[in-house]
Amino acid sequence: MTQRRQLIISGQHRRLQRLWQFMFTGWGLVLVAALVAGAVLKNNLLWTPITAVNMSDVTRNQFKITNPTFAGTDKNGHPFSIHAREAHQEFDSPDKIFMAVVRATTVRFENSKKITDNIRADKGVYDRAQNTMLLSGNVSVDSSNGDKIRTREMVIRL
């Protein structure tokens, strides 16, 4: 009877023994081999040499977003919103946001009359430190009071 009790494994070691038996009865080895073979067969391993990576392109496009909208108020407390098809920040100039296909809306008051300006441009650079936006490429401004502006470049102070 005492010999029989020595063969009984206590509860705290039973799970460890089952894991040990699983790994060394073959099924565990098959599972590990299948995981390794899956990674190799699916080409999930990176074989590109580090010299082939263009680091300037990586740092330039590190902070890229699609369809962003920026909204806020200008120095007079009037609302504005800026939407772009694509925007990114460059590593060397974190205060500037470079945008492509820009659409903006600003509100201003003249003689107690609210005027909304709808602005379009091919490119834009929003400088958060200077609180300005440099627009370039087919810039057009259509105001609710009938004013229209067409130019190649425009600076807006927010």
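The model shown is predicted, which means the values in this text are computed figures rather than measured ones. Only heavy atoms go into these numbers, but all of them, side chains included; no hydrogens, no water, no symmetry mates.
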Non-hydrogen side-chain atoms of Ile82 and Met133 separated by less than 4.5 Å: yes

Closest heavy-atom pair and its distance - Gly124, Leu135: CA-CD2, 4.1 Å

Qualifying residues under side chain to side chain contact (heavy atoms under 4.5 Å, CB included), relative to Lys123, sequence neighbours excluded: Ser136

Residues His78, Phe109; criterion side-chain contact (heavy atoms from CB on, under 4.5 Å); working and verdict: CA-CA 9 Å; His78 303 138; Phe109 288 91; 3.2 Å; yes

Contact check, side chains of Val101 and Glu86, non-hydrogen atoms, under 4.5 Å: no

Arg128 side chain near Ile97 side chain, heavy-atom distance below 4.5 Å: yes

Rounded distance [0.5 Å steps], CD in Glu153 versus CG in Leu134: 5.0 Å

Asn145-Asp147 side chain donor-acceptor pair, cut-off 3.5 Å: yes

Gln89 side chain near Phe98 side chain, heavy-atom distance below 4.5 Å: no

Pair Asp142-Asn118, side-chain donor/acceptor within less than 3.5 Å: no

Asp127 vs Asp95, side-chain contact (heavy atoms from CB on, under 4.5 Å): CA-CA, chis, key distance, verdict: CA-CA 6 Å; Asp127 189 339; Asp95 288 335; 4.2 Å; yes

Exercise: identify the closest heavy-atom pair between Arg157 and Thr132: CG-CG2, 4.0 Å

For Ala87 against Pro68, the heavy-atom pair lying closest together: CB-CG, 3.6 Å

Spacing of Asn67 atom CG and Arg85 atom CZ [to the nearest 0.5 Å]: 8.5 Å

Salt bridge (Lys or Arg N to Asp or Glu O under 4.0 Å) partners of Arg120, counting only residues at least two apart: none

Within-4.5 Å side-chain heavy-atom neighbours: Ile119 and Thr106: yes

Contact check, side chains of Met154 and Ile149, non-hydrogen atoms, under 4.5 Å: yes

Minimum side-chain heavy-atom gap Tyr126-Lys96 below 4.5 Å: no

Taking every non-hydrogen atom, the tightest pair across Asp74 and Val107: OD2-O, 4.2 Å

Sub-4.5 Å side-chain heavy-atom contact between Ser143 and Val141: yes

Summary of salt bridge (Lys or Arg N to Asp or Glu O under 4.0 Å) pairs that have at least one residue in residues 99-116, sequence neighbours excluded: Arg108-Glu110, Arg108-Asp117

Cluster link Ile156 to Phe70, ILVMFWY, side chain under 4.5 Å: yes

